[in-house]
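Position 1 is the first residue of the sequence; numbering continues from there.
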Amino acid sequence: MIQMPLIDDSNQLLDRELMAEIASDYTQNNGHIIDKYCNTWIRWRVDGLDAWWRLFEEIIDKPMGRRLANSACDEEEHLLSKGIIEATGLFKNSKVNKLVEKRWRVNGWGSPNYKKMLFSSKVLTPIMAGIFQAQKERMDSTRYKMRWENKSADDCMLSFEQSSQIIPAASGILNPLSPGIPYNVEVESDWKIDGVSHFLLPSGLFIRLQQSCAGLTANLSDDERNCWPSLDDGFLSLAIASKKLFIAGQEIFLAADADGWKENCAAHFGSIGLSIPSTVEMIDSRGAVRLNFNELRNPALSIGCLAGAWERCEGRPVKVSYSTSDQKHVITLQSKYEMSQIGD
């Protein structure tokens, strides 16, 4: 009888070329995904971001598509100021187009077509429309007014009108982080992980989105607000959407002690760029926990996910406390109804 070798089908599906490009462009350090210019990024599932966006708009209680597009445009404009898609010499336009196509491919964004002014992407349309606009403005050295129209679930057509409005260049809003080891993530073609589409988005996009909520009042009850720190409604909307998304997900988060919390945070949050705690302390015998972070790039998203993880783990509503000083972040999670006596 001839014994046939076992073949791992999943390994046969991996896109080694794409994996090498990702590892060349990104590193990972203490739960952060970092590009060559020391900017941080977050890995999303396509269906995860879609669900998160629906939750966020429901909480902030206002259509936010245009603000999301503007946030994406401003962040991409800042990132492109490093010369990422610039070229010189013969066939300059062809070189630039190849750099743009590579940027879309390596980040899992889909494919752009600047001749026909359209793109195909599984990422939320406002985000990719904003990124497309920033890239076109960079290539043309011209400001535009942009409109988009969905032609199908993935395909979008854009129209641009030259703008005479003087708009200052977008500046960075997050400090750079030191690079780490190559970001080795196993992906199939088109940035799929286990058959599910994923992609990378810059951390600064979500900080800009939070800032764009200034002056808005979220649809939150007093009881809900009392479970969270006294922060702006943009922060709370991002955080609560993240909490609800985690609770609705399939992730198994089992943490009975401090080591369990560190291990699960690294597996669930560090792997996607939402940081990992430097230390974890169990406060009492009822599950209350204090997590300390040396760096937290997207506090609202990270705290929301942690709150969701605590509720999944403990099966009770959570009360969240948050403080920060000297770039150190302290998050406390405890039962909403069984307040612990927490010392300084």
Where do S275 and H32 land on the side-chain contact (heavy atoms from CB on, under 4.5 Å) test, with the steps shown first?
CA-CA 5 Å; S275 191; H32 299 102; 3.5 Å; yes

Verdict with supporting geometry, I60 and C213, side-chain contact (heavy atoms from CB on, under 4.5 Å):
CA-CA 8 Å; I60 199 64; C213 297; 4.2 Å; yes

Could you go step by step and tell me if D223 and K336 meet the salt bridge (charged side-chain N to carboxylate O under 4.0 Å, His left out) rule?
CA-CA 10 Å; D223 185 59; K336 172 183 176 183; 2.6 Å; yes

Output, in order, the C-alpha distance, side-chain angles, deciding distance and verdict of side-chain contact (heavy atoms from CB on, under 4.5 Å) for F293 and T324.
CA-CA 9 Å; F293 291 81; T324 181; over 6 Å; no

Go through the steps to decide whether V320 and T332 satisfy the test side-chain contact (heavy atoms from CB on, under 4.5 Å), and finish with yes or no.
CA-CA 6 Å; V320 181; T332 303; over 6 Å; no

Determine, step by step, whether Y26 and R43 satisfy the side-chain hydrogen bond (donor to acceptor under 3.5 Å, both in side chains) criterion, reporting the C-alpha distance in whole Å, the side-chain angles of both residues, the deciding distance to 0.1 Å, and the verdict.
CA-CA 12 Å; Y26 292 97; R43 191 180 83 203; over 6 Å; no

If you apply the rule side-chain hydrogen bond (donor to acceptor under 3.5 Å, both in side chains), what do you find for S189 with D15, and how did you get there?
CA-CA 5 Å; S189 61; D15 189 331; 5.3 Å; no

For a salt bridge (charged side-chain N to carboxylate O under 4.0 Å, His left out) check, start with the C-alpha distance between K328 and D326, then their side-chain angles and the critical distance, and finish with the verdict.
CA-CA 5 Å; K328 306 292 185 182; D326 297 327; over 6 Å; no

Give the C-alpha distance, both sets of side-chain angles, the deciding distance and a yes or no for side-chain hydrogen bond (donor to acceptor under 3.5 Å, both in side chains) between Q135 and W104.
CA-CA 11 Å; Q135 293 174 349; W104 282 60; 2.8 Å; yes

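Using modelled atom types, one finds a donor on one side chain and an acceptor on the other under 3.5 Å when comparing D155 with S120.
Under the 4.0 Å criterion applied to side-chain N and carboxylate O atoms, R286 and D284 are assigned as salt-bridge partners. Salt-bridge check for R103 with E101: failed, with every basic side-chain N at 4.0 Å or more from each acidic carboxylate O. Salt bridge status for K102 with D25: present, with a side-chain N to carboxylate O gap under 4.0 Å. Taking the charged nitrogens against the carboxylate oxygens, R138 and E86 do have a contact shorter than 4.0 Å, which makes a salt bridge. Using a 4.0 Å cut-off between charged nitrogen and carboxylate oxygen, K62 and D233 do not count as a salt-bridge pair. With salt bridges taken as basic N to acidic carboxylate O contacts below 4.0 Å, none links R316 and E311.
Distance alone, capped at 3.5 Å, is enough to place a donor-acceptor pair between the Q133 side chain and the Y144 backbone. Side chain of E77 to backbone of A170: a donor-acceptor contact under 3.5 angstrom is found. H78 places no side-chain N or O within donor-acceptor distance of the main-chain N or O of E75, the cut-off being under 3.5 Å. The main-chain N or O of G108 is never found under 3.5 Å from a side-chain atom of D190 such that the two would form a donor-acceptor pair. Under a 3.5 Å cut-off, the side chain of S203 and the backbone N or O of N298 do not form any donor-acceptor pair. The backbone N or O of W41 sits nowhere less than 3.5 Å from a side-chain atom of R297 that would complete a donor-acceptor pair. Remark: side-chain polar atoms of W109 are paired, donor with acceptor, to backbone N or O of L200 under 3.5 angstrom. With S271 contributing its side chain and A267 its backbone, the two residues share a donor-acceptor pair below 3.5 Å. Under the 3.5 Å distance criterion, the side-chain polar atoms of D257 are matched with a main-chain donor or acceptor of G260. Between the E188 side chain and the G195 main chain, a donor and an acceptor come within less than 3.5 Å of each other.
Following chains of ILVMFWY side-chain contacts shorter than 4.5 Å, one can reach I131 starting from W52, so the two form part of one hydrophobic cluster. Under the 4.5 Å side-chain heavy-atom criterion for ILVMFWY residues, no single connected hydrophobic cluster contains both I59 and I247. Linking ILVMFWY residues whenever their side-chain heavy atoms come closer than 4.5 Å, directly or via other members, places L209 and W44 in the same cluster. A continuous path of ILVMFWY side-chain contacts below 4.5 Å connects M19 to I272, so both sit in one hydrophobic cluster. The cluster map of Ile, Leu, Val, Met, Phe, Trp and Tyr, joined by side-chain heavy atoms under 4.5 Å apart, puts L216 and L68 in the same cluster.
Across all non-hydrogen atoms, the minimal contact from Y322 to P229 is CB-CG, 3.7 Å. Here the closest heavy-atom approach between residue S242 and residue L301 is recorded as OG-CD2, 3.3 Å. Of all the heavy atoms in L177 and T40, the pair that sits closest is CD1-CG2, 3.5 Å. The nearest pair of heavy atoms linking I34 to P179 is CD1-CA, 4.2 Å. Minimum heavy-atom separation, S237 to F56: CB-CE1, 3.6 Å.
For the pair W191 and F199, the minimum side-chain heavy-atom distance is 4.5 Å or more. No side-chain heavy atom of I127 sits under 4.5 Å from any side-chain heavy atom of F132. Looking at I42 and I33, their side chains never come closer than 4.5 Å, going by heavy atoms from C-beta outward. Looking only at side-chain heavy atoms (C-beta outward), D232 and Q210 come within less than 4.5 Å of each other. In this structure the side chain of L79 reaches within 4.5 angstrom of the side chain of P202, judged on heavy atoms. In this structure, the side chains of C265 and L291 come closer than 4.5 Å at one or more pairs of heavy atoms.
Residue-environment remark: NZ (K95) exceeds the threshold of 12 foreign heavy atoms within 6.0 Å. The number of heavy-atom neighbours closer than 6.0 Å to CZ of R147, taken from other residues, nucleotides and ligands shown, is 12 or below. Residue K122 qualifies as open at atom NZ: its count of foreign heavy atoms under 6.0 Å is 12 or below. Other residues, nucleotides and ligands place more than 12 heavy atoms under 6.0 Å from the CD1 atom of I167.
Figure legend: K145 and F160 shown without cation-pi pairing, the cationic atom not lying both under 6.0 angstrom from the six-membered ring centre and within 45 degrees of its axis.
Taking the six-membered ring for Trp, W261 and F253 have ring centres closer than 6.0 Å. The aromatic ring centroids of Y114 and F119 lie 6.0 Å or more from each other.
F246 and H268 have perpendicular rings, their planes meeting at more than 60° on a 0 to 90° scale where under 30° would count as parallel.
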